[in-house]
There are 2 protein chains.
Amino acid sequence: MTETAPGAPDPVTDDTLDGFVGYLMKRAFAAVQTDLARTLEPFELRMMTFSALVVVVDNPGLRQSDLAQALSVERPNLVVIVDELERRGLIRRQQMPTDRRAYALVPTDAGRGLCRRATAAVKAHEDRILSGLSANQIDQLSDALRAIRRTAEE
Amino acid sequence: MTETAPGAPDPVTDDTLDGFVGYLMKRAFAAVQTDLARTLEPFELRMMTFSALVVVVDNPGLRQSDLAQALSVERPNLVVIVDELERRGLIRRQQMPTDRRAYALVPTDAGRGLCRRATAAVKAHEDRILSGLSANQIDQLSDALRAIRRTAEE
DNA sequence: TATTGTTATACTCTATAACTATA
DNA sequence: TATAGTTATAGAGTATAACAATA
């Protein structure tokens with residue numbers, strides 16, 4: 001029985017919880033993340049590997065520690081992400097001549113190509129999940145999220 | 001050396017990534033979640049145990065499966081959460097006379113008291129992280145998050 | 001047969017400590 | 001001595017399969 005019977009109890013909702021912006025953010029982000037994961041699946045990318053690839057393509061030659069800071073990921077967690085992207089031939093670790101401890105990360109042609117196609121798919125995904133909002137509402141939402149992050153990280 | 005030296009390279013930013021609402025949501029939520037965890041720490045609650053407690057206090061007598069659906073948590077994951085709240089004497093599992101498979105969840109006096117104090121702390125936390133936004137902007141943000149969740153869950 | 005709560009399990013994401021090789 | 005990358009490890013959060021008791 002999955003149909004609502006006449007006189008069946010209403011599903012539980014909660015005005016207290018739904019009044020918290022933090023809870024709304026969690027639930028909305030979870031829904032977005034689920035749809036995004038489906039979107040990236042054909043490219044064998046997850047949100048984190050996609051994000052890392054985008055940053056490397058946009059900032060060729062950056063060091064791993066730069067990438068970790070840009071993504072707010074601890075360095076140990078970034079290692080497996082870079083490993084995966086390098087194993088798939090999407091980026092390369094290049095020894096830096098000026099500092100032999102560090103690696104410069106550069107995208108390959110294959111990495112740039114996959115990044116372009118995945119980015120187009122993600123844009124389509126965003127158009128879909130934001131289809132209920134006007135362009136102005138999307139701008140205000142983006143500004144609000146940036147403001148919240150800035151305030152909460154202080 | 002943590003100070004910015006004159007001529008030091010700028011920290012990496014990325015306009016492509018920062019243009020994705022999904023990425024902004026992830027980063028903003030992560031910052032909010034970190035601050036919320038600190039807020040709930042004195043009550044020995046996490047976001048999930050706090051949410052569960054609020055729903056039980058607001059809907060005394062609901063079944064575990066109702067709570068799972070309300071929180072969008074799979075039933076197996078809810079067991080340990082209910083275990084923890086019950087072990088701490090904040091809620092109780094009551095056998096339902098009408099269906100001996102199910103438990104009705106009811107808050108204790110201690111649970112209601114802790115819920116009230118934790119809710120006040122969370123409200124203060126929200127006021128803090130939302131201090132950069134007007135009341136109207138907060139309403140619009142909440143509406144946008146609800147709309148996104150609705151669209152993405154379709 | 002289907003459902004409630006449960007157990008066991010596994011996978012992802014994230015965080016910390018400690019190691020190595022360089023600086 | 002400090003830093004870049006690495007290894008090992010541990011903790012959350014979340015998902016599925018399968019079970020016992022009950023409907």
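Lettering of chains follows the sequences in order, A, B, ..., and the numbering in each one begins at 1.
Look at Ser65(A) and you'll find a side-chain N or O under 4.0 angstrom from OP1 or OP2 of dG5(D). Residue Arg75(A) places no side-chain N or O under 4.0 Å from the OP1 or OP2 atom of dT3(D). The side chain of Arg93(B) places an N or O atom within less than 4.0 Å of a non-bridging phosphate oxygen (OP1 or OP2) of dT6(C). One finds no side-chain N or O of Gln33(A) lying less than 4.0 angstrom from the OP1 or OP2 phosphate oxygen of dT12(C).
A donor-acceptor contact under 3.5 Å is not formed by the side chain of Asp99(A) with the base of dA4(D).
The cluster map of Ile, Leu, Val, Met, Phe, Trp and Tyr, joined by side-chain heavy atoms under 4.5 Å apart, puts Met25(B) and Val73(A) in the same cluster. Hydrophobic clustering places Leu90(B) together with Val80(B) (ILVMFWY residues linked when any side-chain heavy atoms are closer than 4.5 Å, directly or through intermediates).
For Arg101(A), taking side-chain heavy atoms from C-beta onward, the closest of the listed nucleotides dT6(C), dA2(D), dG5(D) is dA2(D). In this structure, of dG13(D), dA23(D), dG5(D), it is dA23(D) that holds the atom nearest to the side chain of Arg100(B). Candidate nucleotides dA4(D), dA15(C), dG5(C) were compared by shortest atom distance to the side chain of Glu74(A), and dA15(C) ranks first. Comparing dA17(D), dA21(D), dT14(D) by their closest approach to the side chain of Pro76(B) singles out dA17(D).
Per the geometry, CG belonging to Leu105(B) stands 8 Å off P belonging to dG5(C), to the nearest Å. Counting to the nearest Å, the C1' atom of dA15(C) and the CD1 atom of Ile81(A) are 13 Å from each other. Rounded to whole Å, atom P of dT4(C) lies 19 Å from atom CD of Gln94(B). Look at CZ on Phe29(B): it is 13 Å from C1' on dC13(C), rounded to the nearest Å. Taking atom CZ on Arg63(A) and atom C1' on dT6(D), their separation rounds to 16 Å, with Å as the unit. To the nearest angstrom, C1' of dA15(C) lies 14 Å from CG of Leu78(A). Rounding to whole angstrom units, CG of residue Asn77(A) and P of dA4(D) are separated by 17 Å. Straight-line distance from the CD atom of Glu84(B) to the C1' atom of dG11(D): 14 Å, rounded to whole Å.
Along DNA chain C, the nucleotide nearest to Met96(A) and the one nearest to Arg46(A) differ in position, and the one closer to the 5' end is contacted by Arg46(A). Place Ala102(A) and Asp83(A) on DNA chain D by their nearest nucleotides, and Ala102(A) ends up nearer the 5' end. Mapping Ala104(B) and Met48(A) onto DNA chain C by nearest heavy atom places Ala104(B) closer to the 5' end of the strand.
In summary, the side chains of Arg27(A) and Ser72(B) do present a donor paired with an acceptor at a separation below 3.5 Å, with no hydrogens or angles considered. Between the side chains of Arg75(A) and Ser65(A), no donor N or O sits under 3.5 Å from an acceptor N or O.
A salt bridge does not link Arg88(A) with Asp83(A): every distance from a Lys NZ or Arg NE/NH1/NH2 to an Asp or Glu carboxylate oxygen is 4.0 Å or more.
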